[in-house]
2 protein chains.
Amino acid sequence: MPSDRSRRRIPDATVARLPVYLRILTEQAEEGVDSMSSDRLAELAGVNAAKVRKDLSYLGSYGTRGVGYEVAYLVYQIRRELGLTRDWPVVIVGAGNLGQALAGYGGFGERGFPVAGVVDIDPGKVGSVLAGVRVRHIDELPSIVQAKRVSIGVIATPSLAAQDAADHLVAAGVTSILNFAPVVLTVPRSVEVRKVDLAVELQILCYHEQRRGGGLHAVTTRSATA
Amino acid sequence: MPSDRSRRRIPDATVARLPVYLRILTEQAEEGVDSMSSDRLAELAGVNAAKVRKDLSYLGSYGTRGVGYEVAYLVYQIRRELGLTRDWPVVIVGAGNLGQALAGYGGFGERGFPVAGVVDIDPGKVGSVLAGVRVRHIDELPSIVQAKRVSIGVIATPSLAAQDAADHLVAAGVTSILNFAPVVLTVPRSVEVRKVDLAVELQILCYHEQRRGGGLHAVTTRSATA
DNA sequence: AGGCATTCGTGCACACGTTCACAAAGCAGG
DNA sequence: CCTGCTTTGTGAACGTGTGCACGAATGCCT
Ligand SMILES: NC(=O)c1ccc[n+]([C@@H]2O[C@H](COP(=O)([O-])OP(=O)(O)OC[C@H]3O[C@@H](n4cnc5c(N)ncnc54)[C@H](O)[C@@H]3O)[C@@H](O)[C@H]2O)c1
Ligand SMILES: NC(=O)c1ccc[n+]([C@@H]2O[C@H](COP(=O)([O-])OP(=O)(O)OC[C@H]3O[C@@H](n4cnc5c(N)ncnc54)[C@H](O)[C@@H]3O)[C@@H](O)[C@H]2O)c1
């Protein structure tokens, strides 16, 4: 009963690692590798081998003892579990600095996330074309979402406008949001939000940085690099 | 003995939330709020109130029972603990799509992370100026790092070049790296790496998206969007 | 001054995540 | 077929993170 397995909930921590395994396995497949041990995959992914096996075990028992995992099959299973067997078009809200970089980034389309549209509120930006995509007015959001069956929205507006952007996305029917603005969004519980906050990342880095060098040897450390 | 408190290790999960509290508290301070309860802060940060109190308790007992926390003082304490009492200049490696967006983003400088330099390997990009910063050749990395006392590097190169970029950063003396390329970097254990991987974020979103719609009502849901 | 309402700080129990360690399962080679 | 080697899959122990619940402290009001 394999469908039983696919109903089982996968731990968040595992879901966050599956994409990493997937990328590595895909790369390896392209290089002609067709079988791989959990040890090797763990090494490439920078994690513990037992963790890899436990993670993969949530997908089912697709390994062969004494041998390892068949790369192609694993790729298929992970893609299936993550829902990557079809494209997920995304809309980008905010055609500024970041929005343009995102729209112009080919990596999304390649990975199954084609840009279904870019919208902005600024009439000066609406109509301009970036990376082959014409920027449209935010009022067109609902029709884009419906026409292209979009369920994922990306917010790349200034912080102050992010909640407004989220409201528009939710109203248009989007149910998942990736937010680049450094604010906490309020959305219905049925909508999932993930945040990418660069300032937070940098601040975490510098906490450790400060902690390391912040001891008695701060000055010494600095001059040692010379 | 307050310095005793500052030596205590703060849990990773807490370190990751402190920047969020900090931003909220800073904003509130600007709006004239000078005292705040854990309940209110929790609401604004979208977390549990007990968690807020426990997080803040790692900094010391800076709250007043029956009243709350003095915003300005808390801001100071968090900044001190995170090591934000001084600027942390960063170097950006890779002046492409993303590197330009990052360099042009004012938010970094404002938050204490001035761009000390942008380097690239492409002679066609070296010398060009973006957002007031001249792009320099990657060979100049060591001198930039030393001259500006940089300990944080940002990698915004294509995946294939990311390890090379990391090697250059490490060789130049950088000890913390924020990596935007979707690869696992190999660095000495003394160097801390954090990764921002947009594709992973999107894939996590679509796992839940698929799971939600993937139940018994998959087809219904699909056609209902029409 | 005393009582009351409020809010912090934290002990405790529980959930989640990680790692070890090992039996079970497979392959290869004689 | 049997032995030995490899590698999976998972139980169990441990560590980390979360949230409740409540005592302790504080301010305010009478
Ligand atoms: N640029 C970066 O490298 C970078 C880095 C980290 C974080 N961010 C965050 O990403 C967000 C965008 O940054 P940016 O540099 O692209 O800003 P930006 O100012 O260049 O672009 C913002 C765009 O959003 C549009 N906009 C404003 N209000 C809108 C609304 N209500 N609806 C739709 N569109 C609206 C503006 O017209 C503008 O085109 C910010 O929140 C920023 O903090 C950016
Ligand atoms: N653009 C985006 O929105 C976006 C989104 C998600 C992830 N990313 C990731 O960010 C990275 C950069 O993306 P991009 O769109 O800016 O790419 P890009 O191709 O536009 O820019 C890459 C830059 O790096 C430089 N470079 C190449 N090799 C180098 C080396 N060895 N040392 C120094 N510089 C080198 C190139 O000359 C180029 O200027 C990629 O790994 C990509 O996967 C980008």
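Letters A, B, ... mirror the listed sequences (proteins, then strands); counts begin at 1.
Here B:E201 contributes atom CD and A:F180 contributes atom CZ; the two are 8.0 Å apart, rounded to the nearest 0.5 Å.
Note on B:A13: only backbone sugar-phosphate atoms sit closer than 4.0 angstrom, heavy atoms only; bases stay farther off.
Following rounding to the nearest Å, A:D39 (CG) and D:dC5 (C1') show an atom-to-atom distance of 14 Å. Atom CZ in A:R65 sits roughly 17 Å away from atom P in C:dA28 (whole-Å rounding). Rounded to an integer number of Å, the gap from OH of B:Y58 to P of C:dT10 is 10 Å. Remark: C1' of C:dT7 and CD of B:E43 are 16 Å apart, rounded to the nearest angstrom. As a whole-Å value, the separation of A:L74 CG from D:dT8 C1' is 13 Å. Look at CG on B:L41: it is 14 Å from P on C:dT7, rounded to the nearest Å. One interatomic measurement links the two molecules: CD of A:E70 to C1' of D:dT7, which rounds to 16 Å at whole-angstrom precision. Whole-Å rounding puts the B:R53 CZ to D:dT18 P distance at 15 Å.
Counting only N and O atoms by type, the side chains of A:E209 and B:S176 include a donor and acceptor under 3.5 Å apart. Side-chain contact of B:S38 with B:R53: a donor-acceptor pair under 3.5 Å is present, judged by distance alone. A donor and an acceptor atom, one from each side chain of B:Y207 and B:Q203, are nowhere located under 3.5 Å apart.
Checked by distance alone, B:K54 brings a side-chain donor or acceptor within 3.5 Å of a matching partner on the base of D:dG19.
Closest-nucleotide positions on DNA chain C for B:A50 and A:V67 were compared, and the one nearer the 5' end corresponds to B:A50. Residues A:D12 and A:N48 each lie close to DNA chain C; by heavy-atom proximity, the contact nearer the 5' end of the strand is made by A:D12.
Contact check, B:S38 against C:dC8: a side-chain N or O comes under 4.0 Å of OP1 or OP2. Listed pair A:Y69 / D:dT6 fails the phosphate criterion, with no side-chain N or O lying under 4.0 Å from OP1 or OP2. Between A:K51 and C:dT19, a side-chain N or O to OP1/OP2 separation shorter than 4.0 Å is present. Of the side-chain N and O atoms in B:R17, one or more sit less than 4.0 angstrom from OP1 or OP2 of D:dT18.
A salt bridge is defined here as a Lys NZ or Arg NE, NH1 or NH2 lying under 4.0 Å from an Asp or Glu carboxylate O, and A:R194 with A:D197 fails to meet this definition.
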